[in-house]
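Encoded as structure tokens, the structure appears first; notes follow it.
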Amino acid sequence: MKRFKRAGSAMVAGVLLTSTASGLFTSDAAAARSAATGSAISAGFRGEAAAAERCRTDALTARLGRQDPGAGNVYAPLVLTNTSAQTCWVYGFPGLIMIDGNGDALRTRVRRENLRPRRVVLKPNASAHARLHWGMVETGAEKRCPAPARLMIIPPDEAAAHLEIPFRATVCDNGRIDVRPFAPGAA
């Protein structure tokens, strides 16, 4: 019996060491620590985040927050809000496609910033945001920048379903939009 207890403790210690060393102290590692030490995880974390499912597109609305232009660059938060009655989560980066006034897709180059995504738990009516950045000055041989009318947003882990919002912007550098992973709040 003692041998199994030690082996279990060693396994939990290994999980904790690996999680802490890699900076990925996730809910799974926290659950393993809680199980090993007998300590309780807060009811909100265990009851909502652990039981919550990924946010589906039909449970979300999207909007672009206030644009902050300066020196040929624009920054703006892309905000997703959970409109369902259930808690859900988002993890990662949005997919983006600019659409012109005729409904045709424009060249859109989405560049993910080198930041580690985190799971963002959204209670009903709560929001998460991903910061967008684009240049509005022509680069290289570019003579004219795309003129989108709408922005198609594909939430993380969705393949076919999408949201669309009005998007009147000048996006140069061949349609390049830099994006950060989703973070809590509307920014």
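Rounding to the nearest 0.5 Å gives a distance of 7.5 Å between CD1 of I154 and NE2 of H162.
Here the side chains of N73 and W134 are not in contact, with every heavy-atom distance at 4.5 Å or above. T87 is not listed as a side-chain neighbour of L122, based on a closest heavy-atom distance of 4.5 Å or more.
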Show, in sequence, the C-alpha distance, side-chain angles and deciding distance for L60 and T81, and conclude whether the side chain to side chain contact (heavy atoms under 4.5 Å, CB included) test is met. CA-CA 5 Å; L60 298 169; T81 301; over 6 Å; no
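Residues M152 and L64 do not share a hydrophobic cluster, clusters being chains of Ile/Leu/Val/Met/Phe/Trp/Tyr side chains in contact below 4.5 Å. Using a 4.5 Å cut-off between side-chain heavy atoms of Ile, Leu, Val, Met, Phe, Trp and Tyr, with links allowed through other members, F167 and L78 fall into the same hydrophobic cluster. In the hydrophobic clustering of ILVMFWY residues, with side-chain heavy atoms under 4.5 Å counting as a link, V121 and F182 come out apart.
Residue pairs that meet the salt bridge (charged side-chain N to carboxylate O under 4.0 Å, His left out) test with at least one member in residues 60-81, sequence neighbours left out, do not exist here. Residue pairs meeting the salt bridge (charged side-chain N to carboxylate O under 4.0 Å, His left out) criterion with at least one partner in residues 137-152, sequence neighbours excluded, are R150-E164. Applying the salt bridge (charged side-chain N to carboxylate O under 4.0 Å, His left out) rule to pairs touching residues 177-187 yields R111-D178, E113-R180, R176-D178, sequence neighbours excluded.
Every side chain to side chain contact (heavy atoms under 4.5 Å, CB included) that A62 has, sequence neighbours left out, goes to L80, I153, L163, I165. Every residue two or more places apart in sequence or in another chain was checked for a side chain to side chain donor-acceptor pair (under 3.5 Å) with T108, and none qualifies. Judged as a side chain to side chain contact (heavy atoms under 4.5 Å, CB included), and not counting sequence neighbours, the contacts of S84 are A59, N82, Q86. Not a single side chain to side chain donor-acceptor pair (under 3.5 Å) links R112 to another residue, sequence neighbours left out. For the side chain to side chain contact (heavy atoms under 4.5 Å, CB included) test, residues two or more places apart in sequence or in another chain that qualify with A183 are H129. For T170, there are no side chain to side chain donor-acceptor pair (under 3.5 Å) partners two or more places apart in sequence or in a different chain.
Of all the heavy atoms in P155 and A161, the pair that sits closest is CD-O, 4.1 Å. Residues P148 and A169 share a closest heavy-atom pair of CD-O, 3.1 Å.
Under a 3.5 Å cut-off, the side chain of W89 and the backbone N or O of C55 do not form any donor-acceptor pair. Checking side-chain atoms of R109 against main-chain N and O of D173 turns up a donor-acceptor pair under 3.5 Å.
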Please list every donor-acceptor pair under 3.5 Å in which a side-chain atom of residues 90-101 meets a protein atom from a residue at least two apart or in another chain.
{"residue": "D100", "atom": "OD1", "partner": "N102", "partner atom": "N", "Å": "2.9"}
{"residue": "D100", "atom": "OD1", "partner": "G103", "partner atom": "N", "Å": "3.1"}
{"residue": "D100", "atom": "OD1", "partner": "D104", "partner atom": "N", "Å": "2.9"}

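Connectivity analysis of hydrophobic side chains (ILVMFWY, heavy atoms under 4.5 Å, direct or indirect) links L115 to nothing; its cluster partners are none. Clustering of Ile, Leu, Val, Met, Phe, Trp and Tyr side chains at separations under 4.5 Å leaves Y75 isolated, with no partner residue.
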